[in-house]
*Asks:* 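Handing you a structure now.
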Amino acid sequence: MRAHLARVDAVLVQAVIAAALSFAHLHDLASAAGQAGWKAWAYPVSVDLLLVAAWRRLRSGVSKAAGWCWFVVALIASLGANVATAGLLDLDDVPDWLRILVAGWPAVAFLGGTLLAHTAPAAEPVPVVVEPETARTSAEAEKPQLPVPHVPAALVTHARKLADEHHARTGSPIDPDTLRARLGVPAPLADAIAARL
């Protein structure tokens with residue numbers, strides 16, 4: 001137990017030191033590129049928040065490509081600041097291209113953070129409810145009976161809006177195939193929704 005705590009503590013100390021140094025480098029670079037006062041402090045915060053948002057997306061298992069993309073973008077920003085302030089760049093004479101990159105960073109961070117926070121999760125499976133057996137005629141008994149999917153009320157409400165828009169635009173009621181394409185649901189579910197409209 002103590003060995004485990006010592007390992008966790010060492011990793012945590014390492015992470016805090018690395019974060020503090022990276023934070024300082026990002027601040028110094030932003031300040032040298034003309035972002036004075038509170039703005040220079042906001043840059044490292046935005047880079048770190050984008051890293052955290054990307055890491056959370058990677059851990060969630062949803063849309064890992066987006067998570068990796070924004071994680072790499074934020075990591076390049078952080079690593080670039082670390083390298084630039086290590087003596088390879090004259091902070092008293094920052095090149096114009098770097099000033100442009102620093103000035104453009106807030107828009108990039110906002111886009112990345114927004115996409116990571118508001119990208120729709122993967123569609124959840126729709127539960128299927130099988131109707132109880134009832135007395136049927138012999139003709140009905142011969143037909144194979146498919147399970148009738150349960151249709152959530154919110155989905156019916158959304159489908160009604162789509163149907164109303166379709167009717168207003170075309171002058172005709174929406175058909176199940178168009179409804180299925182607009183909702184992105186399987187045909188049996190689209191038929192069940194169309195029956196409830």
Side-chain angles (χ1 to χ4, degrees), residues 30 35 38-39 41-78 100-197:
Q35 305 298 321
W38 68 269
K39 290 186 265 183
W41 291 107
Y43 277 83
V45 172
S46 73
V47 172
D48 288 349
L49 287 178
L50 187 58
L51 276 168
V52 170
W55 179 249
R56 288 190 67 189
R57 173 57 63 89
L58 290 172
R59 299 280 308 232
S60 74
V62 177
S63 185
K64 284 194 172 186
W68 275 115
C69 173
W70 291 108
F71 187 81
V72 168
V73 167
L75 189 61
I76 288 171
S78 181
I100 292 168
L101 285 177
V102 169
W105 173 256
V108 172
F110 177 75
L111 174 65
T114 301
L115 291 175
L116 288 169
H118 297 293
T119 302
E124 295 180 8
V126 177
V128 176
V129 176
V130 179
E131 289 184 339
E133 289 293 322
T134 58
R136 290 179 273 178
T137 65
S138 59
E140 288 177 328
E142 291 174 13
K143 289 183 191 175
Q145 295 295 316
L146 298 174
V148 177
H150 169 73
V151 182
L155 190 54
V156 173
T157 302
H158 181 62
R160 279 195 184 108
K161 288 178 187 174
L162 292 177
D164 291 342
E165 289 172 6
H166 180 82
H167 189 267
R169 192 174 61 252
T170 65
S172 62
I174 195 165
D175 60 292
D177 289 337
T178 304
L179 186 63
R180 180 184 58 75
R182 294 286 307 274
L183 290 173
V185 297
L189 183 57
D191 292 339
I193 294 169
R196 297 186 69 184
L197 295 180

*Asks:* Which pair of non-hydrogen atoms, one from V47 and one from A77, has the smallest distance, and what is that distance?
*Replies:* CG2-CB, 4.2 Å
*Asks:* Atom CD1 in I174, atom CD1 in I193: separation rounded to 0.5 Å?
*Replies:*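 It comes to 10.5 Å.
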*Asks:* Work out which heavy atom in A54 is nearest to a heavy atom in G67; give both atom names and the distance.
*Replies:* CB-O, 3.4 Å
*Asks:* Taking S46 for the side chain and Y43 for the main chain, is one N or O donor matched with an acceptor at less than 3.5 Å?
*Replies:* yes
*Asks:* Kindly say whether F110 contributes a backbone atom to a donor-acceptor pair with the side chain of T114 at under 3.5 angstrom?
*Replies:*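 It does hold such a pair.
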*Asks:* Quick one: pull up CG in L58 and OG in S60 and give me the separation to the nearest 0.5 Å.
*Replies:* 7.5 Å
*Asks:* Considering all heavy atoms of both residues, which atom of A117 and which atom of R57 are nearest to each other, and what is their separation?
*Replies:* N-NH2, 4.4 Å
*Asks:* Just verifying a value: how many Å separate D177 CG and D191 CG, rounded to the nearest 0.5 Å?
*Replies:* 8.0 Å
*Asks:* With heavy-atom distances below 4.5 Å as the criterion, would you say the side chains of H166 and S172 are in contact?
*Replies:* yes
*Asks:* When L50 is tested against each of W55, F71, W70 for side-chain contact (heavy atoms from CB on, under 4.5 Å), which residue passes?
*Replies:*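 It is W70, the one option of W55, F71, W70 that forms the side-chain contact (heavy atoms from CB on, under 4.5 Å) with L50.
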*Asks:* Just grab all the salt bridge (charged side-chain N to carboxylate O under 4.0 Å, His left out) pairs involving residues 155-171, residues at least two apart or on different chains.
*Replies:*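 Found E165-R182.
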*Asks:* Mind checking side chain to side chain donor-acceptor pair (under 3.5 Å) for D175 and listing every partner two or more places apart, or none if nothing turns up?
*Replies:* T178
